[in-house]
Amino acid sequence: MKENKQKKKPNKKNKKSQEDLIKIAKAVCIILVVLMLLFVAADRFGNITFSSVGDYFSGVISGAKSGDGYPYCFESATAENVEKINSDLLVLTDSSTFVLDATAKKLSELQHTYSVPLIYSKNGRAVMIDVGGYSYRVQSKTKVLYDGTSEHKLLTAAIGKDGSVALATRGDSSMSELTVFNKNQKEVFKWECAKEAIVSVDISDNGKKAAVSVVGAENGELYSKVIIFDFKYSEPISEYSYSSQTVSKVEFIGSNKVLATGEDVFSIIEKNSKQDEDLSLNKLSRIYTADNNTTVAVFSKYGSSSSKIIKAYTASGKLLFTQDINSNVRSVSCDGSYISVLTDRQLISFNKKGKTVGTHEVASDGISCFTDGNNTYILTTSAINCYKTVGESTSEKPTTTENADSKE
């Protein structure tokens with residue numbers, strides 16, 4: 001007789017567990033592949049670090065919960081400064097730094113004891129110094145990456161896209177010194193400035209060059225210089241004099257172009273040549289350069305406080321548009337698509353053709369504005385407000401005069 005063999009029915013629970021395990025394994029593999037790609041990119045381009053990847057995943061996890069929305073009101077501390085850090089806001093107070101996302105959620109807070117804190121951010125990292133003191137630190141959005149102590153009093157600083165840091169300090173046998181560290185805190189360059197004080201410094205996008213502006217005095221007259229260094233050489237590769245004009249800020253636009261600005265200075269330096277904006281009649285009053293190297297400048301027409309000229313430039317220095325604004329301008333900002341202007345009573349946004357795309361009536365205590373795509377933030381004396389970049393929330397017409405060439 002043949003035995004009847006019964007087929008065993010598959011256990012549904014076991015089958016479901018196996019499917020869950022397969023899903024988890026696939027998810028882990030995807031994460032590992034993403035991490036591998038990120039660090040290959042970091043190795044090639046130097047713009048991604050363990051800290052930025054950690055910040056990204058922390059943001060994904062914390063992003064499940066939203067904040068209460070703007071305005072974000074300061075309870076006790078007053079904001080000393082606000083910087084954009086990736087798509088979030090880095091707020092500096094007299095006792096801490098904290099990061100706010102697009103929903104006004106506080107992502108992190110890091111305490112400090114600096115007497116005169118100054119902070120600069122780029123590509124998801126920031127360097128903070130105690131001006132006139134000796135302490136500095138480098139941080140991401142969520143944690144302090146490292147602390148440091150300078151041998152001499154700190155004057156100013158900069159951080160590069162690759163994580164390198166430049167510190168300008170007083171000198172021992174010189175008037176001032178420039179020291180540059182790479183992202184691993186290894187010193188890669190040092191220069192002593194014998195007779196002048198360093199007032200501004202920046203690092204090129206590829207992390208291979210630095211530019212400084214210095215101020216000195218000779219025969220009772222002030223003078224200013226812009227000096228550019230390549231870290232392969234101990235001496236400057238180029239130097240430009242500005243006689244009695246003071247260059248208060250230098251910044252790299254890319255890896256080889258330097259923008260030098262001051263009240264009477266607007267210079268684009270590239271390949272041993274200098275292109276100057278004619279400021280014999282107008283004065284530079286505001287300047288802002290976005291991460292993509294788009295630049296917006298505000299000039300005071302004939303030195304007037306209420307008659308301004310707005311000029312926007314591409315990363316190559318080409319003029320995008322010119323606009324007249326018949327109002328005092330407190331702040332300007334730009335990103336890859338929009339340029340925003342904060343006046344005493346209005347927030348006005350333009351597209352890259354110079355067409356007005358947004359206007360908002362704002363309070364009179366606005367300090368600075370920050371444009372990030374669809375949102376533009378305004379720092380006031382007591383809060384941070386958020387407005388839609390494109391759109392209107394006022395019946396008043398903006399006090400602007402559009403270029404005939406930019407009208408569509």
Side-chain angles (χ1 to χ4, degrees), residues 81-82 84 245-249 251 253 259-268 275-290 293-314 317-335 337-372 376-381 385 387 389-407:
N81 189 25
V82 174
K84 281 177 63 177
Q245 299 169 321
T246 300
V247 178
S248 56
K249 186 177 183 181
E251 51 191 325
I253 303 176
L259 176 63
T261 55
E263 187 180 36
D264 301 300
V265 179
F266 188 92
S267 293
I268 296 176
Q275 179 183 345
D276 297 314
E277 182 93 16
D278 182 8
L279 297 185
S280 58
L281 297 176
N282 307 318
K283 303 291 183 184
L284 180 67
S285 60
R286 298 284 184 271
I287 187 78
Y288 185 89
T289 300
N293 295 317
T294 300
T295 298
V296 57
V298 181
F299 301 93
S300 299
K301 192 182 293 187
Y302 311 117
S304 170
S305 62
S306 59
S307 185
K308 305 293 184 181
I309 304 169
I310 311 296
K311 292 188 177 184
Y313 304 83
T314 65
K318 180 184 177 182
L319 182 66
L320 283 169
F321 68 84
T322 298
Q323 285 282 6
D324 289 347
I325 292 188
N326 299 317
S327 178
N328 179 44
V329 173
R330 298 192 172 192
S331 176
V332 289
S333 179
C334 59
D335 64 3
S337 302
Y338 302 107
I339 292 92
S340 292
V341 180
L342 176 64
T343 73
D344 289 339
R345 291 290 183 178
Q346 281 187 319
L347 174 66
I348 308 168
S349 297
F350 304 96
N351 63 18
K352 290 196 292 185
K353 293 182 179 181
K355 180 182 178 180
T356 302
V357 295
T359 57
H360 300 277
E361 191 172 318
V362 298
S364 60
D365 62 342
I367 299 171
S368 54
C369 62
F370 308 91
T371 295
D372 184 26
T376 297
Y377 304 89
I378 294 181
L379 170 66
T380 72
T381 54
N385 298 309
Y387 299 86
T389 305
V390 178
E392 296 186 11
S393 62
T394 172
S395 58
E396 297 180 7
K397 292 183 179 180
T399 54
T400 65
T401 304
E402 291 191 359
N403 255 351
D405 294 338
S406 66
K407 287 186 178 180

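Residues T376 and L347 come closest through the heavy atom pair CG2-CD2, 3.8 Å. Nearest heavy atoms, V247 versus A260: CG1-CB, 3.9 Å.
Taking OG1 of T359 as the start and CD of E392 as the end, the distance is 3.5 Å to the nearest 0.5 Å. A distance of 6.0 Å separates OG in S349 from NE2 in H360, rounded to the nearest 0.5 Å. Taken from OG in S267 to CG in D276, the straight-line distance is 3.5 Å, to the nearest 0.5 Å. To the nearest 0.5 angstrom, I287 atom CD1 is 9.5 Å from S248 atom OG.
In this structure S285 satisfies the side chain to side chain contact (heavy atoms under 4.5 Å, CB included) test together with V298, S300, K308, sequence neighbours excluded. Every residue two or more places apart in sequence or in another chain that forms a salt bridge (Lys or Arg N to Asp or Glu O under 4.0 Å) with D264 is listed here: K283. With sequence neighbours excluded, the residues that form a side chain to side chain donor-acceptor pair (under 3.5 Å) with Y313 are E277. With sequence neighbours excluded, the residues that form a side chain to side chain contact (heavy atoms under 4.5 Å, CB included) with I367 are L379, T381. Partners of K249 according to the salt bridge (Lys or Arg N to Asp or Glu O under 4.0 Å) rule, which considers only residues two or more places apart in sequence or in another chain, are E251. Checked against side chain to side chain contact (heavy atoms under 4.5 Å, CB included), S306 has the following partners two or more places apart in sequence or in another chain: S304. Taking N385 as the reference, nothing meets the side chain to side chain donor-acceptor pair (under 3.5 Å) condition, with sequence neighbours excluded. Residues satisfying the salt bridge (Lys or Arg N to Asp or Glu O under 4.0 Å) test with R286, not counting sequence neighbours, are none. T314 meets the side chain to side chain contact (heavy atoms under 4.5 Å, CB included) test with S316, K318, L320; sequence neighbours excluded. Listed by chain and number, the residues in a side chain to side chain donor-acceptor pair (under 3.5 Å) with S368 amount to none (sequence neighbours excluded). Not counting sequence neighbours, T261 has no partner by the side chain to side chain donor-acceptor pair (under 3.5 Å) test. Under the rule for a salt bridge (Lys or Arg N to Asp or Glu O under 4.0 Å), the partners of D344 that lie at least two apart in sequence or sit in another chain are R330.
Ring geometry for F350 against F321 counts as tilted: the plane angle lies between 30° and 60°, on a 0 to 90° scale.
Side-chain atoms of S393 and E361, non-hydrogen and from C-beta on, never get closer than 4.5 Å to each other. Residues I339 and Y288 are not in side-chain contact: their nearest non-hydrogen atoms beyond the backbone lie 4.5 Å or more apart.
Judged by distance alone, with hydrogens and angles left aside, the side-chain atoms of Q323 form a donor-acceptor pair with the main-chain N or O of G354 at under 3.5 Å. No side-chain donor-acceptor contact under 3.5 Å links S333 to the backbone of S340.
A side-chain contact (heavy atoms from CB on, under 4.5 Å) with V341 is found for exactly one of T371, I325, V296, T356, namely I325. Remark: of the listed residues V329, L284, L281, L284 is the sole one forming a side-chain contact (heavy atoms from CB on, under 4.5 Å) with F299.
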Can S364 and R345 be said to form a side-chain contact (heavy atoms from CB on, under 4.5 Å), step by step? CA-CA 6 Å; S364 60; R345 291 290 183 178; 3.8 Å; yes
Report the C-alpha distance between D335 and K84 in whole Å, list the side-chain angles of each, state the deciding distance to 0.1 Å, and finish with yes or no for salt bridge (charged side-chain N to carboxylate O under 4.0 Å, His left out). CA-CA 11 Å; D335 64 3; K84 281 177 63 177; 5.4 Å; no
Step by step, work out the side-chain contact (heavy atoms from CB on, under 4.5 Å) result for Q245 and L279. CA-CA 11 Å; Q245 299 169 321; L279 297 185; over 6 Å; no
